[in-house]
Peer 1: 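Have a look at this one before I ask anything.
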Amino acid sequence: MIKFSEMKYERPDTDEIKKEIAEIVAAFREAGTYDEARALFIKKDELEKHIDSMATLANIRHSIDTRDEFYDSEAKFWDSAAPELEEAFHEWTVALLASTHRKALSEEFGEIIFTDAEIEEKSFDSSIVPLMQEENSLTTEYQKLLASARIPFRGSTYTIAQMGKFKIDADDDLRREAWIAEGSWYKDNQDKLDEIYDRLVNLRHEMSLKLGLKDAVEFGYLRMKRNCYDRGDIAKFRDAVVKYLVPLADSIKRAQAERTGVPYPMSFADANLMYRDGNAKPAGDADAILKAAGKFYEELSPETGEFFNMMLEGELMDLLAKEGKQGGGYCTTIYDYKVPFIFANFNGTTSDVETVTHEAGHAFADWVNRQRVPASTIWPGLEGCEVHSMSMEFFAWKAAGDFFGKDREKFLNSHLAGAITFIPYGTMVDHFQHSVYEHPEMTPAERHSEWKRLLGIYMPWLRLDGEIPFYSEGMGWQRQHHIYIRPFYYIDYCLAQTVALEFWAMIQEDPEAAWAKYMKYTRQGGSDVFTKLLEKAGLGSPFDEATLRGVCSKAERWLAG
């Protein structure tokens, strides 16, 4: 197979692409037979996959080293070109919705293509193209700012990702110093962070008004292709989280404070120390983690074994944190080669294992569905995608001994506790974004104040006394990439985590039956809306309060035991 380093990138000629799209659209509108329309449907899909592949290759290589001048210039090119090409493809969407062959197309490719096309039509107009280009430039600026961080700490300098291991060290003085050092870097860059976000909020509000929408919340939901629930459903989910998850998470954090001998409410510097003698740590380095992962996937199923070996052979993972590398982690797909790619920042903590299992959950689902046509049905909505990844983390419990050695039990307890306490945090991120985009006139100071207020509701175990710069002042939201780059994404993790906890409970009782249900869910790809995918796989809905209440009860009993 072709390795990632051998994959050829070429900047496309946008004028030629626009011309080709226009020709396809014109021919599709005139197609007299279904065979003619179908052939054009496939041709458009192939063209779009190739364009996406070039953009993806440029983005991956830029995120691996943001200092690379060639791919930095290509990132800027795509910031400008992507909205222009979206404008061209919008004409296809209009033609598709008006097609006399709609019934036949939906019968072969699924009604989901028209459901999503109707959403796309509402979320785009040529008048917002310049605003989208500016938005892309601002999100790139934000990512480069964080990637450029060099944090002085105890005689050396580190990236944000590299600081992670110090922020959970068992040595109290070292850990607090690390939090203060990182918080101080953010504070030093506060004005730029505020400026970028302020411009993004106003741009998105302006785009929503140009589209005739109520506000940027409605715009954000359309962009996220919310096709089976609305802001009212999310509000009810948030209420259920406050009712069921926050009390359970608070009890977990109280027990943690007692176990580690720190005051409650806890300082930000203490909140992630799970054990007095230190958190669970991987038993080996990156190579050892990959070896353990390979063994796990080989034993899990024939499909996962074949998949992971393909990822290794194709060099389709870039995992180590290093200077100039963009922060965070992600999985994406390179359609031309029908393969996924995993990007991460290993830093010697449990997150290394969680990342390689989480992102591999995405990658495996992509690989299973790689032959689907059109490409838009390979992936479900993002909340559906996160079910693949968060559930895979729990299937990897069977390999915890290989990943963590003597720290196996520490990891299992911390992982489940973390899954529970994450949901309030993720829900708070969503609540914050609703507040911001419903009130775009907020000043930066008012946004920080709102985050601090929400911390008191969703994370009452944290002490907001100003001890740790930036974080305890209500500014910690600015380190969350999704808030800047993909508004309203974060609640997807919370919905998916609820479903993943369903899988966790099933795994405790019957791992083989749980895996069969996971594959039943995964093999559907993006062939239907989120709630229907769950229903067809026999899974509960996170919008059903009983589902959330049930997983809380089971997790509470396990943690108590």
Peer 1: Kindly say whether Gln524 contributes a backbone atom to a donor-acceptor pair with the side chain of Ser527 at under 3.5 angstrom?
Peer 2: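 Checked: pair present.
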Peer 1: Between Arg38 and Glu36, is the closest basic N to carboxylate O distance under 4.0 Å?
Peer 2: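 Salt bridge flag = no for Arg38 with Glu36.
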Peer 1: Between Lys122 and Glu118, does at least one N-O distance fall below 4.0 Å, as a salt bridge requires?
Peer 2: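 No, this pair does not count.
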Peer 1: Could you go through Tyr437 and Arg204, starting from their C-alpha distance and side-chain angles, then the distance that decides it, and tell me whether this counts as side chain to side chain donor-acceptor pair (under 3.5 Å)?
Peer 2: CA-CA 8 Å; Tyr437 288 106; Arg204 288 162 180 159; 2.9 Å; yes
Peer 1: Kindly say whether Arg199 contributes a backbone atom to a donor-acceptor pair with the side chain of Asn202 at under 3.5 angstrom?
Peer 2: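 Checked: no pair found.
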Peer 1: Answer yes or no on whether Lys325 is positioned over the face of Phe343, meaning its NZ or CZ is under 6.0 Å from the six-membered ring centre and within 45° of the axis.
Peer 2: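 Yes; both conditions hold, so Lys325 lies above the ring face of Phe343.
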Peer 1: What verdict does the side chain to side chain donor-acceptor pair (under 3.5 Å) test give for His415 and Glu393, after you've listed the backbone C-alpha separation in whole Å, the side-chain angles of each residue and the deciding distance to 0.1 Å?
Peer 2: CA-CA 9 Å; His415 188 220; Glu393 291 183 44; 2.9 Å; yes
Peer 1: Take atom NZ in Lys236; do more than 12 heavy atoms of anything else shown fall under 6.0 Å from it?
Peer 2: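 Not more than 12 within 6.0 Å, no.
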Peer 1: Would the distance check show the side chain of Ser435 and the main-chain N or O of His431 forming a donor-acceptor pair, the cut-off being under 3.5 Å?
Peer 2: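 A pair under 3.5 Å: yes.
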Peer 1: If only atom types and distance count, is the side chain of His205 paired as donor or acceptor with the main-chain N or O of Glu441 below 3.5 Å?
Peer 2: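 Such a contact is absent between His205 side chain and Glu441 backbone.
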Peer 1: I'd like to know if the side chain of Arg370 and the backbone of Val339 have a donor-acceptor N/O pair within less than 3.5 Å.
Peer 2: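 No, Arg370 side chain to Val339 backbone: no donor-acceptor pair under 3.5 Å.
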Peer 1: Evaluate the criterion side-chain contact (heavy atoms from CB on, under 4.5 Å) for residue pair Phe296 and Phe395; output intermediate values, then yes/no.
Peer 2: CA-CA 9 Å; Phe296 160 61; Phe395 281 104; 4.3 Å; yes
Peer 1: What I want to find out is whether Glu303 reaches Arg523 closely enough, with some N-O distance under 4.0 Å, to be called a salt bridge.
Peer 2: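 Looking at Glu303 and Arg523, the cut-off is met.
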Peer 1: Please report the interatomic distance OH(Tyr337) to NZ(Lys3), rounded to the nearest 0.5 Å.
Peer 2: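 The distance works out to 13.5 Å.
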Peer 1: With a cut-off of 6.0 Å (strictly less than), are more than 12 heavy atoms of other residues, nucleotides or ligands near NZ of Lys18?
Peer 2: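 Correct, the count exceeds 12.
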Peer 1: Using a strict threshold of under 4.0 Å (side-chain N to carboxylate O), is an ion pair present between Arg447 and Glu450?
Peer 2: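 No, this pair does not count.
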Peer 1: Does atom CD (Glu107) have a neighbourhood of more than 12 heavy atoms from anything else shown, all under 6.0 Å?
Peer 2: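 Count over threshold, so yes.
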Peer 1: Regarding Glu135 and Arg223, does a basic nitrogen lie under 4.0 Å from an acidic carboxylate oxygen?
Peer 2: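 Salt bridge present between Glu135 and Arg223.
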Peer 1: Less than 6.0 angstrom from the centroid, inside 45 degrees of the normal: does Arg11 satisfy that with respect to the ring of Phe77?
Peer 2: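 Yes; both conditions hold, so Arg11 lies above the ring face of Phe77.
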Peer 1: Counting distance only, does the side-chain N/O of Asn369 pair as donor-acceptor with the main-chain N or O of Thr522 below 3.5 Å?
Peer 2: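 Between the backbone of Thr522 and the side chain of Asn369 there is a qualifying donor-acceptor contact (under 3.5 Å).
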Peer 1: Run the side chain to side chain donor-acceptor pair (under 3.5 Å) check on His362 and Glu386 step by step: do they pass?
Peer 2: CA-CA 7 Å; His362 287 308; Glu386 297 304 339; 3.2 Å; yes
Peer 1: Is Asp430 salt-bridged to Arg238, cutoff N-O under 4.0 Å?
Peer 2: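 So Asp430 pairs with Arg238 through a salt bridge.
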Peer 1: Asp125 vs Ser127, test: side chain to side chain donor-acceptor pair (under 3.5 Å). Steps then yes/no.
Peer 2: CA-CA 5 Å; Asp125 184 85; Ser127 64; 2.8 Å; yes
Peer 1: Start with the C-alpha distance between Leu501 and Ile423, add both sets of side-chain angles, then the distance that settles side-chain contact (heavy atoms from CB on, under 4.5 Å), and finish with yes or no.
Peer 2: CA-CA 11 Å; Leu501 285 165; Ile423 295 177; 4.1 Å; yes
Peer 1: Does Asp72 come within less than 4.0 Å of Arg61, counting only side-chain N to carboxylate O?
Peer 2: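 Answer for the salt bridge query: no.
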Peer 1: Determine, for Arg549 against Asp544, whether the closest basic-nitrogen to carboxylate-oxygen distance falls under 4.0 angstrom.
Peer 2: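 Salt bridge absent between Arg549 and Asp544.
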Peer 1: Hey, is NZ on Lys536 packed in by over 12 heavy atoms from elsewhere, all under 6.0 Å?
Peer 2: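 Yes.
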Peer 1: Test your reading of the model: is there a side-chain donor-acceptor pair from Thr66 to the backbone of Ser63, 3.5 Å cut-off?
Peer 2: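 Looks like no, no N/O pair under 3.5 Å.
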Peer 1: Thinking salt bridges, do Lys214 and Glu438 make one under a 4.0 Å N-O criterion?
Peer 2: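 No salt bridge links Lys214 with Glu438.
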Peer 1: Give a yes or no on whether the backbone of Gly328 and the side-chain of Asn345 come within a donor-acceptor separation of less than 3.5 Å.
Peer 2: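 Yes; at least one donor-acceptor contact below 3.5 Å.
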Peer 1: Distance check, rounded to the nearest 0.5 Å: Thr140 atom OG1 versus His62 atom NE2?
Peer 2: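 Separation between the atoms: 7.0 Å.
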Peer 1: Is it true that atom CD of Glu6 has more than 12 heavy atoms of other residues, nucleotides or ligands lying nearer than 6.0 Å?
Peer 2: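 Counting neighbours around CD of Glu6, more than 12 heavy atoms of other residues, nucleotides or ligands fall under 6.0 Å, so yes.
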Peer 1: Which residue, Tyr489, Tyr493, Tyr490, forms the side-chain hydrogen bond (donor to acceptor under 3.5 Å, both in side chains) with His482?
Peer 2: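 With His482 as partner, side-chain hydrogen bond (donor to acceptor under 3.5 Å, both in side chains) holds for just one option, Tyr493.
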